[in-house]
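Some notes on the structure that comes next.
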Amino acid sequence: MTTSAQTGKYPSLLAEFQIGAMPLKNRIGLAPMTRISASADGQASDMMLKYYESFAKGGFGFLITEGAYPDEAYSQGYFNQSGIANEKHVAAWQKVTDAVHQAGAKIIIQLMHAGAQSQGNTYKKELIAPSNTRAKGEQLPFYIGEGPYAAPRPMTQADIQDVVEGFTAAAKRAKAAGFDGVEIHGANGYLLDEFLTDYMNQRTDEYGGSTENRVRLLVEVSQAVRQAVGNDLVVGIRISQGKVSDYQHKWAGGEKDAEIIFSSLSKAGLDYIHVTEYDATRPAFEGTELSLAALAKKYGTAPVIANGHLENPEKAEQLLASGEADVITLGKGALANHDWPLRIAKGLPLREFDPEILGPKANIKAREIEI
């Protein structure tokens, strides 16, 4: 338990919190970051265990894993990406969840279907997406890709149902593997975000056209996962505007789109909404002073997790104290300081982020925790 003496300068960051059935010792989480450190068949590796364990030992209240593919079909996005698609995956992840829990943290697995942004799949050569529109730009050499993204096949109604069933089956496997929650990846240009994105979604059925229609699949997946796992497993969703393949994208409808998206998701049985922007504190659109996190609070009812350039603890504390978000996650700040929560609690200096340590593999050695 965090005492009042320990909270010091950062009473909001270091305060306890509750997300659904998951109690948190503080409001600081590890952000999901794509790691390509699993085995060729998607099993979490010893390297990954040490990676997540180091953040748990460093005082983070909870960790959100890299996006894991949920099925043995079209969902995989990268070679050596982790999966939660079969019993071997469950057994490998169980070792990770056991280690994280023993170190005193909670752990959530992110479920990711890559859609048109897939650049490495051991199960299928074909890509599927809402329409036959290619993802913008080129594949990431960082993750062993090259050249333009392939043209996807437009999904049938049966494909859509398969995707929903894939997420729900993966969520059940995550529960069996000992995770405290699942996060549905609805951000960063992957499949669910492609349904939400006007230019990627040219459908003329109930999943295309209006913002209400384009958010429909995200709602259906959220509802199905909640029904599948019950209330004792946390269920959240990650939402963004920008994408791996289109970093500058903004919702065309601005705040009205935010109202529709966040209000719709809040009715889907979710325990939290995790919003990510380049800078979580900046206005989401021209013509508004509100950040995307603040808009999620304004139009939604679920707790909001904010992500994006919050490694400065004063900035992160102010965001929480203002009520714009309930919890934060850190990416680069956590890579630079595996013990970030312990350091701010003790008033110790934080290490500057060194781009040399940023890589696609979970092989960043945790420095000795000096607390």
Side-chain angles (χ1 to χ4, degrees), residues 32 34 67-71 73-78 81 110-121 123-140 143 145 148-167 170 183-222 224-225 237-253 257-258 260-262 264-265 268 273-277 292:
T34 299
Y69 60 86
D71 60 54
Y74 299 99
S75 62
Q76 187 178 3
Y78 306 100
Q81 178 187 358
Q110 187 184 73
L111 307 179
M112 172 191 134
H113 193 304
Q117 284 185 170
S118 177
Q119 57 181 59
N121 188 330
Y123 304 99
K124 299 282 187 181
K125 299 302 181 186
E126 185 179 47
L127 277 58
I128 60 171
S131 307
N132 61 0
T133 306
R134 294 176 188 260
K136 290 185 176 180
E138 296 195 343
Q139 299 177 57
L140 303 176
Y143 296 115
Y149 289 95
R153 171 176 64 78
M155 292 168 65
T156 64
Q157 290 281 344
D159 289 325
I160 291 174
Q161 188 57 40
D162 286 345
V163 165
V164 175
E165 291 174 359
F167 274 101
E183 178 173 283
I184 298 160
H185 201 341
N188 303 118
Y190 297 110
L191 182 70
L192 297 184
D193 187 37
E194 290 161 16
F195 272 84
L196 196 56
T197 302
D198 46 11
Y199 69 82
M200 289 297 294
N201 184 348
Q202 300 297 311
R203 300 179 72 91
T204 57
D205 61 8
E206 68 268 32
Y207 294 100
S210 67
T211 306
E212 291 87 347
N213 281 355
R214 287 185 280 111
V215 77
R216 188 183 305 276
L217 183 57
L218 287 75
V219 171
E220 290 181 354
V221 169
S222 300
V225 168
I237 194 167
R238 195 178 210 218
I239 295 292
S240 72
Q241 297 189 89
K243 311 173 191 316
V244 170
S245 56
D246 186 4
Y247 196 68
Q248 302 297 327
H249 179 76
K250 297 288 184 182
W251 295 337
D257 274 358
I260 294 167
I261 292 164
F262 292 129
S264 297
L265 291 171
I273 295 176
H274 184 187
V275 295
T276 178
E277 293 267 80
L292 197 63

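Because the structure is predicted, anything quoted here is derived from the model rather than measured. All residue numbers in this chain count up from 1 along the given sequence.
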Hey, could you give me the NE2/CG distance between His185 and Leu111, rounded to the nearest 0.5 Å?
-> 10.5 Å

Could you verify whether a donor N or O on one side chain and an acceptor N or O on the other, from Asn188 and Arg238, lie under 3.5 Å apart?
-> yes

Heavy-atom pair with the smallest gap, counting every atom of Gly137 and Tyr149 = O-CD1, 3.9 Å

Beyond-backbone contact of Leu292 with Phe262, side-chain heavy atoms, under 4.5 angstrom = yes

Could you pull out the closest heavy-atom pair between Trp251 and Gln241, with the gap in Å?
-> N-OE1, 2.9 Å

Over all heavy atoms of both residues, which pair between Ala151 and Arg134 is shortest? Give the atoms and the distance, please.
-> N-NH1, 3.5 Å

Check: Gly209 main-chain N/O paired with Arg214 side-chain donor or acceptor under 3.5 Å = yes

Gap separating the CZ atom of Phe167 from the CD atom of Glu220, nearest 0.5 angstrom = 12.5 Å

Under 3.5 Å donor-acceptor, Asp162 side chain and Asp159 backbone | no

Interatomic distance, CG@Leu218 vs CD1@Ile261, rounded to 0.5 Å, equals 8.5 Å

Report yes or no: does Glu183 contribute a side-chain atom to a donor-acceptor pair with the main-chain N or O of Ile237 at less than 3.5 Å?
-> no

Can you tell me how far the OH atom of Tyr190 sits from the OG1 atom of Thr34, to the nearest 0.5 Å?
-> 4.5 Å

Shortest non-hydrogen separation from Ser131 to Pro152 and the atoms involved | O-CG, 3.4 Å

Could you check if a side-chain atom of Asn213 sits within less than 4.5 angstrom of a side-chain atom of Asp205, using non-hydrogen atoms only?
-> no

Does the pair Val163 and Phe195 meet the rule for a side-chain contact (heavy atoms from CB on, under 4.5 Å), with working shown?
-> CA-CA 12 Å; Val163 165; Phe195 272 84; over 6 Å; no

Residues forming a side-chain contact (heavy atoms from CB on, under 4.5 Å) with Thr204, sequence neighbours excluded | none

When rounded to the nearest 0.5 angstrom, what is the spacing between OH in Tyr74 and NE2 in His113?
-> 9.0 Å

Side chain Gln117, main chain Ala135, donor-acceptor under 3.5 Å = no

Ser240 side-chain N/O to Gly242 backbone N/O, donor-acceptor pair under 3.5 Å = yes

Heavy atoms of Glu194 and Asn201 approach each other most closely as O-CB, 3.6 Å

Stepwise side-chain contact (heavy atoms from CB on, under 4.5 Å) test for Lys136 and Tyr199 | CA-CA 10 Å; Lys136 290 185 176 180; Tyr199 69 82; 3.6 Å; yes

side-chain contact (heavy atoms from CB on, under 4.5 Å) involving Asn121 - partner list, sequence neighbours excluded = Gln76, Ser118, Tyr123, Lys124

Can you tell me how far the CD1 atom of Ile260 sits from the CD atom of Glu212, to the nearest 0.5 Å?
-> 4.0 Å

Taken in chain and number order and not counting sequence neighbours, the residues that satisfy salt bridge (Lys or Arg N to Asp or Glu O under 4.0 Å) with Arg216 are none

Would you say the side chain of Met112 lies within less than 4.5 Å of the side chain of Gln81, judging by non-hydrogen atoms?
-> yes

Could you pull out the closest heavy-atom pair between Gly186 and Asp193, with the gap in Å?
-> O-CB, 3.5 Å

Do the non-hydrogen side-chain atoms of Met155 and Leu191 ever get within less than 4.5 Å of each other?
-> yes

